[in-house]
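We're numbering straight along the sequence, starting at 1.
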Amino acid sequence: MTGWLRLGAVMALVACTATPPSQPDKLTLEPVDLASLPGWAEDDQGAALGAMLRSCERLVRRQPDQPIGPSGLGGQGRDWREPCQAAAGLPKDDAAAARRFFERGFQAFRAANNGKPGAFVTGYYEPELAGARAPSPRFTVPLYRVPDDLIQADLGEWREGWRGERIAGRIAEGRLRPYHTRHDIEKGALAGRNLELAWVEDPIDAFFLAIQGSGRIDLGDGKRLRLGFAGQNGHRYVAIGRALVERGAIPRGEVTMQTIRAWLSANPAEAASVMDLNPSYVFYRALAGDGPLGAEGAVLTPSRSLAVDPAFLPLGVPVFIDLEHPDTTGGRLRRLVVAQDTGGAIKGPVRGDLFWGTGAAAGELAGRMQAQGIFYILLPRSIPAS
């Protein structure tokens, strides 16, 4: 939804403590019986087929011998031809047929980090904001496209050990220098360059829009502008939730997207300086179509698209999740999803971010989600067991 920078709605905001790992992250997989997974028989796997077919459109374009995912974890392009073709021929709205399809064609693996299966999943969504194409007394906060002097580089193209690392900046006096900070941009560093895609009325809304990385702008008269992540200024994201905890503004155990937003709204005199603690700034592009795009390039499916760390898990792969539900009922969230996105705070083999959809209701679930649980990765049976 926001390419390499998109941040988990809770993880990026909270990030109050960080415990260095005792050993490097390593994905370990244990074969399990798919049909016996808790909640598998109760899920509507047909609801995930649409998401899988969108990923299949990309998987089947791979060369037959092209590796899928890190170290070819997802097999090769040829391994996805038959299951993707079979999925396209399944009847719609037939949960039983979809369930049989996955049970016959896929092997399930319990995913773990160095043998420890505990997954941690946050949530994200697509906000909806009122806005306009031009500034007005009501709409004063600009949302920018990528500036032409912003240089973005994938460091993995230079060195294998830097895979997944990126940098951004601008050329000044023949050298690559840091780009303008969020504070500088908010103060007008990009004004007068015709970079504005839209204008909104609340800087707090704009701040949270950047965290999600995409959103819809209601332009009035039934017109909407969908914006997607296009770039970032290269500065490291700083979690303002941590700063608010350190100030005693919010108790450590109560930090969510909702409590942070409430504090900023209730303290307008301090809100700008707190948000300026985060120097990171997101740039957008206009999107056509009926939904936000994930890093894979596929339109995301509400509650069925998952952001993962592509250094460990292949994009396009089905994942069955067994998690705590964010609705606070004490139930479990057990359903089949598809790995279709990435995010700057989504790091590690059993770390995820679940897309909840568009609008306020989706935002409520996404903002509360800090779920522990288990990932089960589904791979075509044609892939040789390693």
Side-chain angles (χ1 to χ4, degrees), residues 1-7 12-13 126-153 166-221 223-240 243 260-261 264-265 267-288 292 344:
M1 182 171 175
T2 57
W4 60 273
L5 182 74
R6 196 188 55 69
L7 304 163
L13 286 167
E126 183 185 40
E128 289 185 306
L129 306 180
R133 291 281 194 178
S136 70
R138 177 184 176 187
F139 300 116
T140 60
V141 182
L143 303 175
Y144 292 113
R145 62 172 54 89
V146 177
D148 56 10
D149 63 341
L150 178 70
I151 296 175
Q152 302 177 85
R166 294 178 180 257
I167 193 171
R170 61 193 177 110
I171 299 296
E173 299 178 353
R175 299 182 62 183
L176 183 64
R177 303 283 189 177
Y179 205 73
H180 304 296
T181 65
R182 179 184 181 279
H183 172 81
D184 294 336
I185 294 171
E186 292 290 336
K187 293 300 182 183
L190 300 181
R193 294 175 56 178
N194 195 32
L195 296 171
E196 297 86 355
L197 284 168
W199 300 76
V200 295
E201 58 184 323
D202 186 354
I204 297 175
D205 284 343
F207 182 84
F208 281 88
L209 176 68
I211 291 172
Q212 301 304 321
S214 69
R216 291 199 311 188
I217 310 301
D218 185 348
L219 301 173
D221 299 327
K223 297 179 181 179
R224 288 183 171 84
L225 171 66
R226 174 166 270 129
L227 298 180
F229 176 91
Q232 188 258 0
N233 65 344
H235 289 273
R236 183 178 180 182
Y237 187 92
V238 173
I240 65 171
I260 294 174
R261 179 188 288 272
L264 293 172
S265 297
N267 296 272
E270 300 176 71
S273 62
V274 169
M275 291 188 290
D276 281 346
L277 295 174
N278 170 34
S280 174
Y281 191 90
V282 167
F283 301 103
Y284 303 95
R285 61 190 175 105
L287 297 178

Check your understanding: With a 4.5 Å heavy-atom cut-off, do Glu128 and Arg224 have their side chains touching?
Key -> yes
Practice item. State, yes or no, whether a side-chain contact exists between Ser214 and Phe229 at a heavy-atom distance under 4.5 Å. Key: no
Practice item. State which residues pass salt bridge (charged side-chain N to carboxylate O under 4.0 Å, His left out) with Asp221; sequence neighbours excluded, sorted by chain then number. Key: none
Review point. Are the side chains of Leu264 and Ile240 in touch, meaning some heavy atoms are under 4.5 Å apart?
Key: yes
When the side chains of residues 131-139 are checked against the rest of the protein, which donor-acceptor pairs come out under 3.5 Å, sequence neighbours left out?
unit_1: Ser136; atom_1: OG; unit_2: Arg138; atom_2: N; d: 3.3
unit_1: Ser136; atom_1: OG; unit_2: Phe139; atom_2: N; d: 3.1
unit_1: Arg138; atom_1: NE; unit_2: Glu201; atom_2: OE1; d: 3.3
unit_1: Arg138; atom_1: NH2; unit_2: Glu201; atom_2: OE2; d: 3.1

Review point. How about Ile217 and Val200: do any of their side-chain heavy atoms sit closer than 4.5 Å?
Key: yes
Practice item. Fit a plane to each ring of Phe283 and Tyr179, take the angle between them on a 0 to 90° scale, and name the class: parallel (under 30°), tilted (30 to 60°) or perpendicular (over 60°). Key: perpendicular
Review point. Are Thr181 and Glu186 close enough that some pair of their side-chain heavy atoms sits under 4.5 Å apart?
Key: no
Study note, to complete from the structure: Interatomic distance, CD1@Ile204 vs OG@Ser265, rounded to 0.5 Å, equals 4.0 Å
Review point. Okay, side chain of Glu196, backbone of Trp199: is any donor-acceptor separation there less than 3.5 Å?
Key: no
Check your understanding: Hey, mind stepping through Arg226 and Glu126 against salt bridge (Lys or Arg N to Asp or Glu O under 4.0 Å) and telling me if it holds?
Key -> CA-CA 9 Å; Arg226 174 166 270 129; Glu126 183 185 40; 2.7 Å; yes
Check your understanding: If you measure from CG on Leu143 to CG on Leu129, what distance do you get to the nearest 0.5 Å?
Key -> 7.5 Å
Check your understanding: Does Arg170 come within less than 4.0 Å of Asp148, counting only side-chain N to carboxylate O?
Key -> no
Practice item. Applying salt bridge (Lys or Arg N to Asp or Glu O under 4.0 Å), run through Arg261 and Asp205 and close with a yes or a no. Key: CA-CA 9 Å; Arg261 179 188 288 272; Asp205 284 343; 2.7 Å; yes
Exercise for review: Please tell me if the side chains of Arg182 and Val282 come closer than 4.5 Å, counting only heavy atoms from C-beta onward.
Suggested key: no
Point to revise | Polar side chain donor-acceptor pair, Asp276 to Ser273, under 3.5 angstrom | key: no
Review point. Pro147 and Arg193: which non-hydrogen atoms are nearest, and at how many Å?
Key: CB-NH2, 3.8 Å
Review point. Are Leu209 and Tyr284 side-chain neighbours, meaning at least one heavy-atom pair lies under 4.5 Å?
Key: yes
